[in-house]
J.: 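Encoded as structure tokens, here's the structure I'll be asking about.
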Amino acid sequence: MYYGTPVTEIKDHAFDDCKYLRYVSIPDTIETIGANPFRYSKDISKIKLSKNHPYIAYLDGALYVKAEKRLVTYFRNDKRRSFVIPQGIRIIGDDAFYEAKLWDNVSIPDSVTTIGERAFSYSTIHEANIPASVASIGEQAFYRCRSLETVKLSKGLKTIGNSAFEDCGFLSKISLPEGVTSIGDYAFAYCDSLRRINIPNSVTEIGANPFKCSDKLTLNIASNHPALSLSGNVLYSKADHRLVALVGNASSVKIAKDTEIIGADAFWFKPLKSVSIPDTVKAIGDSAFGCTNLVNIKIPANVAVIGPFAFSGNDELKTAELQSGLEEIGRGAFSSCPKLKSITIPETVTKLGDFAFWQDSALEKIEIKGNIPEIGEETFKSCSFESIDLPDSVESIGDRAFLWNKKLKNVKLPANLKSIGSEAFSGCAALETLEIPASVTEIGRNAFKDCNLLRVETESDYVRWYCEKNGIALAGDGTLDWLR
């Protein structure tokens with residue numbers, strides 16, 4: 001009862017992380033239970049439930065919803081080598097065996113049709129035999145099952161969800177049966193021991209790099225596969241003209257001429273030193289070239305979008321040539337590129353993401369031609385250019401946009417600028433004179449902290465008030481003349 005009203009439902013993860021929960025009593029009024037309500041409650045030792053409960057059953061250490069024939073949760077303190085799911089169960093629910101301590105395997109009956117999201121994530125099972133009755137394996141179903149060595153999939157399986165077997169480091173053997181139609185994003189990512197996968201002709205959909213960082217893997221794909229093609233060790237999806245992944249390693253790649261999309265994480269953490277991108281490419285996906293060894297990159301004119309973190313973490317990248325036609329530079333797109341020295345943002349760019357050039361410590365020259373409405377959060381943090389002219393389209397400067405840009409001396413602010421974010425120029429120790437237009441109506445906290453040489457020129461009463469309040473010198477008052 002809850003304030004006199006019978007409790008009829010236990011919601012998803014209702015008792016997550018109740019570390020001291022030992023005893024659970026489930027009244028007959030409970031009609032349904034959501035995704036594993038006791039996911040992180042590791043020490044439950046007693047479950048009280050009537051034998052004739054109309055909706056819920058507790059059998060052999062596991063809780064079930066009768067109407068759905070769904071296994072809700074397996075209680076992890078019930079340590080055993082294996083567990084047998086009763087015949088008749090149709091659904092292994094979301095998080096059902098999350099972090100379960102099973103030293104062998106779980107026997108799945110042929111009545112089961114669905115394995116839910118994170119159903120076995122972080123569990124210690126060694127082997128998984130999926131019966132032919134199972135049509136779908138949910139997202140992250142076996143995520144980080146680091147004891148899992150063998151998976152047997154059967155005909156009848158249609159869908160392998162996103163990250164279904166991601167980070168199963170000891171998984172060495174799996175065979176995809178004919179009939180599988182969809183392989184989700186990162187389905188077999190970080191499977192270091194996996195050596196070979198045959199992809200059947202039935203596969204029509206494939207997500208973002210399903211084999212990310214599974215560097216020892218070889219793919220077998222029929223030359224007449226209707227949906228996929230393999231050129232060398234580069235995998236393509238025919239329907240959307242997308243480069244899916246570089247499977248294995250290569251120092252140089254020439255991308256196929258009809259490619260329109262370079263998919264997310266396609267070359268992530270590969271020892272790639274050079275790449276030829278054809279004029280047909282229209283978009284470069286999230287982290288597509290993240291943490292590679294590229295030295296120079298030329299982006300063709302047809303590329304409209306560079307996705308978030310597309311070239312982030314490229315320690316050797318020295319030049320990036322962007323062409324007119326580019327419209328969007330995503331969040332962190334060129335962040336942490338410590339050898340990138342100069343960049344010109346074309347006039348066609350209308351969106352520049354937060355952290356776009358974050359901590360590019362060698363970036364000495366920046367030219368912005370684009371029609372950009374804002375400079376986002378930490379966009380140019382810890383760069384090395386001495387001057388920057390912001391285009392007239394800029395109306396706001398985000399928090400910490402130029403934080404710790406210690407060589408920055410001269411900044412031209414646009415006439416229509418309205419706001420300057422918190423710590424926007426904090427730590428810009430070389431900044432001397434800044435003309436802040438009267439259009440500015442908001443300046444954030446510590447916007448000019450540790451800018452000890454700064455003198456502000458302005459006609460705005462608000463800006464003058466802000467400077468006086470925060471101890472920032474105004475041009476003409478002679479405060480800092482002795483330092484010059």
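Please read all numbers here as calculations on a predicted model, not as lab measurements.
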J.: Quick one: list whatever passes side chain to side chain contact (heavy atoms under 4.5 Å, CB included) with A14, sequence neighbours left out.
T.: I10, P37
J.: Just jot down the ring pair (Phe, Tyr, Trp, His ring centres under 6.0 Å) partners of F188, sequence neighbours excluded, or say none.
T.: F165
J.: Side chains of N220 and N198: do they bring a donor and an acceptor to under 3.5 Å?
T.: yes
J.: With a 4.5 Å cut-off on side-chain heavy atoms, are I297 and V275 touching?
T.: yes
J.: Any side-chain donor-acceptor pair under 3.5 Å between E127 and N129?
T.: yes
J.: Can you see which heavy atom on I160 is nearest to which on A187, and at what distance?
T.: CG2-CB, 4.1 Å
J.: Would you check if I56 and I33 make a side-chain contact, meaning some heavy-atom pair closer than 4.5 Å?
T.: yes
J.: Which residues pass the ring pair (Phe, Tyr, Trp, His ring centres under 6.0 Å) test with F309, not counting sequence neighbours?
T.: none
J.: Using a 6.0 Å cut-off, check whether atom CZ of R22 has over 12 heavy atoms from anything other than its own residue.
T.: yes
J.: Once side chain to side chain contact (heavy atoms under 4.5 Å, CB included) is applied, do any residues pair with Q323, and if so which ones, sequence neighbours excluded?
T.: K298, A301, E321
J.: Without hydrogens or angle criteria, can the side chains of S312 and S335 be said to hold a donor-acceptor pair below 3.5 Å?
T.: yes
J.: In chain order, what residues pass the salt bridge (charged side-chain N to carboxylate O under 4.0 Å, His left out) check against K66, with sequence neighbours excluded?
T.: none
J.: For Y64, give me all partners under ring pair (Phe, Tyr, Trp, His ring centres under 6.0 Å), at least two apart in sequence or on another chain.
T.: none
J.: Checking D258 now: which residues fulfil side chain to side chain contact (heavy atoms under 4.5 Å, CB included) with it, not counting sequence neighbours?
T.: H241, A256
J.: Can a salt bridge be assigned to the pair R400 and E377 using a cut-off of 4.0 Å between side-chain N and carboxylate O?
T.: yes
J.: Determine, step by step, whether K270 and D215 satisfy the salt bridge (charged side-chain N to carboxylate O under 4.0 Å, His left out) criterion, reporting the C-alpha distance in whole Å, the side-chain angles of both residues, the deciding distance to 0.1 Å, and the verdict.
T.: CA-CA 9 Å; K270 299 294 185 181; D215 293 334; 2.8 Å; yes
J.: So I197 and L217, do their side chains get closer than 4.5 Å, heavy atoms only?
T.: yes
J.: Which donor-acceptor pairs under 3.5 Å do the side chains of residues 170-185 make with protein atoms, sequence neighbours left out?
T.:
residue, atom, partner, partner atom, Å
E178, OE2, S202, N, 3.2
T181, OG1, K158, O, 3.2
D185, OD1, A208, N, 2.7

J.: Taking it one step at a time, do N36 and D94 satisfy side-chain contact (heavy atoms from CB on, under 4.5 Å)?
T.: CA-CA 7 Å; N36 193 348; D94 295 352; over 6 Å; no
J.: Name all pairs fulfilling the side chain to side chain donor-acceptor pair (under 3.5 Å) condition that reach into residues 143-152, sequence neighbours left out, sorted by first residue then second.
T.: R144-D167, R146-D167
J.: Side chains of V305 and L326: does their closest heavy-atom pair fall under 4.5 Å?
T.: no
J.: Taking C383 as the fixed residue, which of I343, D360, L403 is the one that meets the side chain to side chain contact (heavy atoms under 4.5 Å, CB included) rule?
T.: D360
J.: For residues V234 and L230, determine if any side-chain heavy atom of one lies less than 4.5 Å from a side-chain heavy atom of the other.
T.: no
J.: With sequence neighbours left out, write down each residue that passes salt bridge (charged side-chain N to carboxylate O under 4.0 Å, His left out) with E442, or none if nothing qualifies.
T.: none
J.: Do the side-chain N and O atoms of H13 and D95 include a donor-acceptor pair separated by under 3.5 angstrom?
T.: yes
J.: Who are the side chain to side chain donor-acceptor pair (under 3.5 Å) partners of N302, not counting sequence neighbours?
T.: none
J.: Which value, rounded to the nearest 0.5 Å, describes the distance between S121 atom OG and F142 atom CZ?
T.: 9.0 Å
J.: So, Y186 and D265: side-chain donor and acceptor under 3.5 Å apart, yes or no?
T.: yes
J.: Scan side-chain atoms only and decide if N105 and S82 contain a donor-acceptor pair under the 3.5 Å cut-off.
T.: no
J.: I'd like to check the ring pair (Phe, Tyr, Trp, His ring centres under 6.0 Å) partners of F15; sequence neighbours left out, ordered by chain and number.
T.: F38
J.: Given side chains that start at C-beta, do those of S396 and S419 come closer than 4.5 Å, heavy atoms only?
T.: yes
J.: Is the shortest heavy-atom distance from the side chain of I125 to the side chain of F120 under 4.5 Å?
T.: yes
J.: Donor-acceptor pair, N314 side chain versus F311 backbone, under 3.5 Å?
T.: yes
J.: Under 3.5 Å, is there a donor on one side chain and an acceptor on the other for D110 and S133?
T.: no
J.: Would you say N224 has more than 12 foreign heavy atoms packed within less than 6.0 Å of its CG?
T.: yes
J.: Evaluate the side-chain hydrogen bond (donor to acceptor under 3.5 Å, both in side chains) criterion for residues N371 and T350: first the C-alpha distance (whole Å), next the side-chain angles of each, then the deciding distance (0.1 Å), finally the verdict.
T.: CA-CA 5 Å; N371 190 31; T350 57; over 6 Å; no
J.: Considering only heavy atoms from C-beta outward, does the side chain of I91 approach that of I115 to under 4.5 Å?
T.: no
J.: Calculate, to the nearest 0.5 Å, the distance between atoms SG and CD1 belonging to C18 and I44 respectively.
T.: 8.0 Å
J.: Taking CZ in R90 as the centre, count heavy atoms belonging to other residues, nucleotides or ligands within less than 6.0 Å. Is the count above 12?
T.: no
J.: In a check of ring-ring contact (aromatic ring centres under 6.0 Å, His included) between Y74 and each of F83, Y98, Y58, which one passes?
T.: F83
